[in-house]
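Residue numbers begin at 1 in each chain, while the letters A, B, ... track the order of the sequences.
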Amino acid sequence: MNCPKIKSKNLSDFSSKVLAAVKKIPKGKVTTYKFLAQGIGCPAAVRAVGSALNKNPALIKIPCHRVVKSNGLIGNYRLGKRKKIFLLRREGIKIVGDRIENFRKILYRFKNKY
DNA sequence: AGTAAGGCGGGCA
DNA sequence: GTGCCCGCCTTAC
């Protein structure tokens, strides 16, 4: 595919974009795989986004736990869903079961669509 | 190089 | 609301 424009040595172009975008998510907010995909100009690559995050090279630096499903569910996480929930709660995000409360309100949307 | 699997989304029953 | 199925793009073997 040709969406990615930036080249990187260790990371694929795609991953680089994804990671860069994730870093922009403000603390206390969340975004979805879909918006993320849109944000990097590949709205159809939602799955690929997940893959990229799964191989997250800098798990700590990159707040991948702030990325959830578009239906408000937590979704999965490299270190386990449980851990993801823990991290989110620690940022003030409330979670009930597997669902985020006030999902709509704390949802972060990317400004630049491409 | 071919194939399977994955932190998903959307549509429909 | 749930569950199933198909499509999507990338990465790993």
Side-chain angles (χ1 to χ4, degrees):
Chain A
M1 57 96 71
N2 49 11
C3 295
K5 295 170 184 171
I6 55 182
K7 292 285 184 180
S8 178
K9 298 187 176 182
N10 300 327
L11 299 173
S12 71
D13 312 350
F14 187 79
S15 297
S16 299
K17 290 195 106 178
V18 175
L19 300 179
V22 174
K23 282 189 282 189
K24 295 173 191 160
I25 305 172
K27 183 189 169 202
K29 292 244 179 185
V30 298
T31 193
T32 69
Y33 296 93
K34 185 183 175 187
F35 286 120
L36 200 45
Q38 286 179 167
I40 62 175
C42 305
V46 282
R47 245 168 169 176
V49 169
S51 294
L53 292 180
N54 182 26
K55 285 106 191 171
N56 190 342
L59 205 47
I60 306 299
K61 302 271 186 183
I62 300 167
C64 31
H65 56 277
R66 291 180 193 151
V67 187
V68 300
K69 289 203 181 187
S70 36
N71 58 1
L73 291 178
I74 299 303
N76 228 308
Y77 189 56
R78 184 99 192 324
L79 304 180
K81 194 160 55 178
R82 223 218 85 108
K83 194 74 180 177
K84 185 169 184 178
I85 294 175
F86 182 77
L87 290 170
L88 287 172
R89 281 191 174 146
R90 197 166 63 172
E91 295 187 350
I93 297 173
K94 292 164 189 170
I95 299 170
V96 179
D98 283 8
R99 191 171 294 278
I100 293 180
E101 284 211 332
N102 303 320
F103 174 55
R104 289 304 228 18
K105 297 183 183 176
I106 63 176
L107 180 57
Y108 173 74
R109 284 172 170 269
F110 291 89
K111 276 68 180 178
N112 53 319
K113 294 200 171 179
Y114 293 58

- Message: For a 4.5 angstrom cut-off between non-hydrogen side-chain atoms, does Leu53(A) reach Leu19(A)?
- Response: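 Heavy-atom side-chain distance check passes, below 4.5 Å.
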- Message: Do Ile25(A) and Phe35(A) make a side-chain contact, defined as non-hydrogen atoms from C-beta onward lying under 4.5 Å apart?
- Response: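 No, every pair of side-chain atoms sits at 4.5 Å or beyond.
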In whole Å, what is the span from the [atom1] atom of [X] to the [atom2] atom of [N]?
{"X": "Leu59(A)", "N": "dG7(B)", "atom1": "CG", "atom2": "C1'", "value": "11 Å"}
{"X": "Lys34(A)", "N": "dG10(B)", "atom1": "NZ", "atom2": "C1'", "value": "8 Å"}
{"X": "Asp98(A)", "N": "dT2(C)", "atom1": "CG", "atom2": "C1'", "value": "14 Å"}
{"X": "Leu36(A)", "N": "dG9(B)", "atom1": "CG", "atom2": "P", "value": "11 Å"}
{"X": "Ile40(A)", "N": "dC9(C)", "atom1": "CD1", "atom2": "P", "value": "12 Å"}

- Query: For Glu101(A), which residues count as a salt bridge (charged side-chain N to carboxylate O under 4.0 Å, His left out) partner, sequence neighbours excluded?
  - Reply: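 Result, salt bridge (charged side-chain N to carboxylate O under 4.0 Å, His left out) vs Glu101(A): none returned.
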- Listed partners of Lys94(A) passing salt bridge (charged side-chain N to carboxylate O under 4.0 Å, His left out), at least two apart: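 Result, salt bridge (charged side-chain N to carboxylate O under 4.0 Å, His left out) vs Lys94(A): none returned.
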Expected rows: protein N/O vs nucleotides 11-13 of chain C N/O, under 3.5 Å:
from: dT11(C); atom 1: OP1; to: Ser12(A); atom 2: OG; distance (Å): 2.1
from: dT11(C); atom 1: OP1; to: Ser15(A); atom 2: OG; distance (Å): 3.3

- Task: Please tell me which of the listed nucleotides, dG1(C), dG9(B), dG6(B), lies nearest to the side chain of Arg99(A)?
- Result: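 Nearest to the side-chain atoms of Arg99(A), counting from C-beta on, is dG1(C).
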- Task: Kindly write out the residues that satisfy side chain to side chain donor-acceptor pair (under 3.5 Å) with Ser15(A), not counting sequence neighbours, or none if the list is empty.
- Result: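 Listed in chain order: Ser12(A).
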- Any residue meeting side chain to side chain donor-acceptor pair (under 3.5 Å) with Lys81(A), in chain and number order, not counting sequence neighbours: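 For Lys81(A) the side chain to side chain donor-acceptor pair (under 3.5 Å) partners, ignoring immediate neighbours, are Asp98(A).
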- Message: For Tyr108(A), give me all partners under ring pair (Phe, Tyr, Trp, His ring centres under 6.0 Å), at least two apart in sequence or on another chain.
- Response: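 Counting only residues at least two positions away or on another chain, Tyr108(A) forms a ring pair (Phe, Tyr, Trp, His ring centres under 6.0 Å) with Phe110(A).
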Residues in side-chain contact (heavy atoms from CB on, under 4.5 Å) with [X], at least two apart?
{"X": "Arg90(A)", "result": "Phe86(A), Leu87(A)"}
{"X": "Arg89(A)", "result": "Ile85(A), Ile95(A)"}
{"X": "Lys27(A)", "result": "Arg66(A), Glu91(A)"}

- Identify, between Val46(A) and Val49(A), the residue whose nearest nucleotide on DNA chain C lies closer to the 5' end.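 Comparing both residues, the 5'-ward one is Val46(A).
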- Item | Pair assignment for DNA chain B - dot-bracket with | for other-strand partners, Watson-Crick or G-U under 3.5 Å | .|||||.||||||
- Sequence neighbours excluded - side chain to side chain donor-acceptor pair (under 3.5 Å) pairs with any residue from residues 67-80 of chain A: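 Pairs touching residues 67-80 of chain A that pass the test: Asn54(A)-Arg78(A).
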- Those residues of residues 66-79 of chain A lying under 4.0 Å from DNA chain B by at least one heavy atom: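 Contacting residues: Val67(A), Lys69(A), Ser70(A), Asn76(A), Tyr77(A), Arg78(A).
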